[in-house]
Amino acid sequence: MEPKIKENRWNKDIEAEIKKFWLEKKLNDFDPKIDKPVFSIDTPPPYPSGKPWHIGATAHYSMIDTVARTGRMSGFNVLFPTGIDRNGLPVELYTEKKNNISMHKIPREEFVKLCAESLDDLEAYMIEIMQSFGWSGDMKKFRYRTDSPEYRKLTQETFIELWNKGLIYEDTRPNNYDIKTRTTIADAEIEYQDIQTKLVYLKFRIKETGRDIIIATTRPELIFSCAAVLYNPSDERYNKLGKKTVVTPIGDEVPLIAHPYAKVEFGSGVVMICSYGDYADVRIFRELKLKEKICIDENGRMNKNAGKYAGLNIKEAREEIIKEFKNENKVDKIEEIMHRTPMSERGKCPIEIIPMKEWYLKQMEFKDVLRKFANEIKFHPEDKRQILLDWIESVSMDWPITRRRFYGTEVPIWYCKKCNTPHVPKPGKYYQPWKDAATFKKCEKCGNEEFVGDSRTFDTWMDSSISALFISGYKRDEELFAKAFPVTIRPQAKEIIRTWLYYTMLRTYLLTGKNVFKHVWVSGHGVDEHGVKMSKSLGNVVDPVPVIEKYGGDAFRFWNMSEATLGSDFRYSEDKIQSAQKFLTKLWNISRFISMFPVKKTAKELQPADRWVLAELNKAVAKSAAGYGDFNFFVPANEMKQFSWNIFADHYLEMVKARAYNNDLSALYTLHYCLQSIIKMLAPISPFITEKVWLSLYSKESIHLEEFPKPNKKAGEELCKLTDLIIKTNSEIWKFKKEKGLALNSELKKVILPESLRDFSEDLKSMHRITTLEFGKELSIE
RNA sequence: GGGCUUGUGGCCUAGUGGUUAUGGCGUCCGCCUUACACGCGGGAGGUCCCCAGUUCGAAUCUGGGCAGGCCCACCA
């Protein structure tokens, strides 16, 4: 008999041919007219961060693709956009490096243009990788970039909406400031260096008792900004003092407060809190509601609050103050220490923390509603909800949304040149206030006719947090929005729960009053062979391109889905990918074997062995379906592998061969039914090989238009209790032949089978070449 | 330092109170048995991190400890 499937190996080169087929059939294009409920996916738009792309990220996206394919095979019209995130700091840094320029030294217009262009090659590279593993996202109408005018328009439009609702206000925010380049810098641009510095022990005085209290500091020049003095509540040297006032060496009076931030063992155990030496100071100022007093200006010089030191730079001021305090006997001692100092990557100087005016979005008053929403969303896996709840709990201030950067969505505000009153334009356009003329004639407050545009951009999470609204058509396609919102599922990585997920829920609630997602799916991340997170600095990032080229998209996908359960980290290992490839070959050869026999769609009476294997199939399908229901692909990948290899191929195929070659209707029906079920259950995980088998044997249309199989009613569920005995019996007979040095296809004179296997006797007899078969209590072989 | 989380044969993994703990990788032995040598068959290999408790019974529940991972903060 000639098999319809000729080759005896799954050839990954067939994947290209399948991709062409999908393209011709327009399988990936979302059609809003299809009459099925919409399953919308807020895909994380990948960030083009450089080459190589992280193999863990690649695996992450292949799983997200499987989320989409699961939706399709569960009977939904799947809206699966393809987005690329292109805003923010990494773009700027990449552009500076690539073109060997400095953001602050060339005209903004030119820099922004270079940014927009610089990522095109990286974007193309990522899209190519995505397609190499079978990415089924929409590449036409629902393909987007977060730096497109259309997307940025929505960021601004929604900001204006929030502005009009009174949710935006201005306040100062301590910024990381590089006094050399005179720019604020992002946290990511800070590097920590150990620098030798003086730890100065200063004498303060307790006002009520007149006794000295010693305080150690590396920043004596900040004495002008000191607002409190802390000791640890458990510190017995101080905790009996009670409520006291402390007089600083310059005569200011500040409170002495018990606070766990002060470490008993460091310095003298007492710390002064100044605005601002570091972010701990910022936190404590907020917490204790202290009044800030700034003594350093934006040029890195002491201001008028520093009295006679005004005008000196920080270093000079520090030297002078130490000298003076020494003369006045206000210094107890000085130690040289190594101090971990936050430095600016750009100016190569220590950063200063300087408060500047920024716009804020209110969030503190919405924590309760967000907590409620967090509890209403279905999380996959369930335990990841806690990360979000903990984060909501810990939010302690409103969200500062403006950044002093260049490549991002511009803040659409113009200020009156005379009275500085902010003016926000009408929504519906993409505004660039740093170069566009104001859209107002007169200041609504003072009537002045000149305006100056805001030069800042938004925090990139302002863009990212509207992705769900953008893809579901908010403000742009009301018909789609009605069907696609709330968004069915948000797939994402766990490390951005506190940012992307949280901010998306916040923004969407403030704009629509609704809970944005029904499901949130959280994956772990890829780690290297030793269990360490891959990162560029460690040099352990694995390039996905050669791996996919070598093994193909399906093997890559089957590997990562079968590697780790949902939410836990998965290890890269080439051995494991090889074993995934072996399974695909096994599946291919199972299909090749079955392709020898004609397809029979029905059979009246089924033989016991057939009813048995269908029952085992039903079990595997049910468990896999439950796995898909939880978007946990680890379950169907392993369940279907286990069934098709260890039960179906190893035992059933051997048992049924004789009947199959004799064209027994029951056997042919069961073989094809099982194969169809297996490939359908694996189609979302390995879309290429399943498509190829399906098209070769069963249809001209794609398997990805099918739905998951329902339980087969002809199955004999009661026979499952014999599965262990069947496997054990076969094993015993094989072992017997091996021990006697017999070939597996040699004949056995007489075998006594357990009575309960009587129904399977004909199949077992031909499978093991048994001449005389009898039945008894237990197995016996001659 | 704070929070979260994990700890099962050499490696990875299933298993959440009940007889000899699941599967894979690797390893060892034997086989080209007409779907597959990227295969088939057989074997070796485990104090289920440690201690205490609850229970007739614990890998599974409780407490403590140890070790790892992640996120955040970071030493005046």
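Letters A, B, ... mirror the listed sequences (proteins, then strands); counts begin at 1.
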request  = Using a cut-off of strictly less than 4.0 Å, decide whether A/K737 has a side-chain nitrogen or oxygen near OP1 or OP2 of B/G30.
outcome  = no
task = Using whole Å, report how far CD1 of A/I590 lies from C1' of B/G39.
result = 12 Å
Taking only nitrogen or oxygen atoms into account, show me every contact under 3.5 Å that the protein makes with nucleotides 42-45 of chain B, one pair per line with its distance.
residue: B/G42; atom: OP1; partner: A/S731; partner atom: OG; Å: 2.2
residue: B/G43; atom: OP1; partner: A/K735; partner atom: NZ; Å: 3.2

Partner residues of A/K12 under the salt bridge (charged side-chain N to carboxylate O under 4.0 Å, His left out) criterion, sequence neighbours left out = none
note = salt bridge (charged side-chain N to carboxylate O under 4.0 Å, His left out) filter on A/D281, not counting sequence neighbours, yields none
message = Within the 4.0 Å limit for protein heavy atoms, which parts of nucleotides 71-76 of chain B are touched? Write it as a string from 5' to 3', B for base, S for sugar-phosphate only, - for none.
response = SSSSSB
key: Test salt bridge (charged side-chain N to carboxylate O under 4.0 Å, His left out) applied to A/E292 - qualifying residues, sequence neighbours left out   = none
inquiry  = At 4.0 Å (heavy atoms only), tell me whether A/R769 reaches a base, stays on the sugar-phosphate, or touches nothing.
reply    = base
ask   = Using purine N1 to pyrimidine N3 plus N6-O4 or O6-N4 for Watson-Crick, or N1-O2 and O6-N3 for G-U wobble, each under 3.5 Å, what pairs with B/U54?
value = none
Interatomic distance where NE2 belongs to A/H259 and P belongs to B/G2 [whole Å] = 15 Å
message = The criterion is side-chain contact (heavy atoms from CB on, under 4.5 Å); which residues satisfy it with A/S562, sequence neighbours excluded?
response = A/F558, A/A637, A/N638
message = By nearest atom, which of the nucleotides B/C38, B/U33, B/C12 is closest to the A/L744 side chain?
response = B/U33
Side chains of residues 669-679 of chain A: which donor-acceptor partners sit under 3.5 Å, not counting sequence neighbours?
residue: A/Y669; atom: OH; partner: A/N712; partner atom: ND2; Å: 3.1
residue: A/T670; atom: OG1; partner: A/S666; partner atom: O; Å: 2.7
residue: A/H672; atom: ND1; partner: A/Y698; partner atom: OH; Å: 2.8
residue: A/H672; atom: NE2; partner: A/F597; partner atom: O; Å: 2.8
residue: A/H672; atom: NE2; partner: A/P598; partner atom: O; Å: 3.3
residue: A/Y673; atom: OH; partner: A/K710; partner atom: O; Å: 3.4
residue: A/S677; atom: OG; partner: A/Y673; partner atom: O; Å: 3.0

ask   = By salt bridge (charged side-chain N to carboxylate O under 4.0 Å, His left out), which residues pair with A/E15, not counting sequence neighbours?
value = none
A/R385, CZ: over 12 other non-hydrogen atoms inside 6.0 angstrom = yes
query = Can you list the residues that meet the side-chain contact (heavy atoms from CB on, under 4.5 Å) rule with A/S523, with sequence neighbours excluded?
reply = A/H60, A/W521
message = Rounding to an integer number of Å, can you tell me how far A/F593 CZ sits from B/U34 P?
response = 12 Å
remark   = Residue pairs passing the side-chain hydrogen bond (donor to acceptor under 3.5 Å, both in side chains) test with at least one member in residues 727-744 of chain A, sequence neighbours excluded, are A/H651-A/N730, A/N730-A/H768
Rounded interatomic separation in angstrom, taking CE from A/M640 and P from B/A14 = 20 Å
query = What nucleic acid atoms does A/K657 come within less than 4.0 Å of, heavy atoms only: base, sugar-phosphate, or nothing?
reply = base
inquiry  = Using a heavy-atom cut-off of 4.0 Å across all strands, would you classify A/L653 as base, sugar-phosphate, or nothing?
reply    = base
message = Please pick, from B/C36, B/U13, B/G41, the nucleotide with the shortest atom-to-atom distance to any side-chain atom of A/F634.
response = B/U13
message = Between A/D459 and A/W399, is there a side-chain donor-acceptor contact under 3.5 Å, judged purely by atom types and distance?
response = yes
key: Protein-to-nucleotide contact annotation, 5' to 3' order, nucleotides 18-27 of chain B [B base; S sugar-phosphate only; - none; under 4.0 Å, heavy atom]   = -----SSS--
query = Quick one: A/D390 CG to B/U5 P, roughly how many Å, whole number?
reply = 8 Å
remark   = In Watson-Crick or G-U wobble terms, with both distances under 3.5 Å, the base opposite B/G26 is none
key: Set of residues satisfying side-chain contact (heavy atoms from CB on, under 4.5 Å) with respect to A/E654, sequence neighbours excluded   = A/K657, A/M767
task = Look at all strands and tell whether A/Y661 reaches a base, only sugar-phosphate, or nothing, counting heavy atoms closer than 4.0 Å.
result = sugar-phosphate
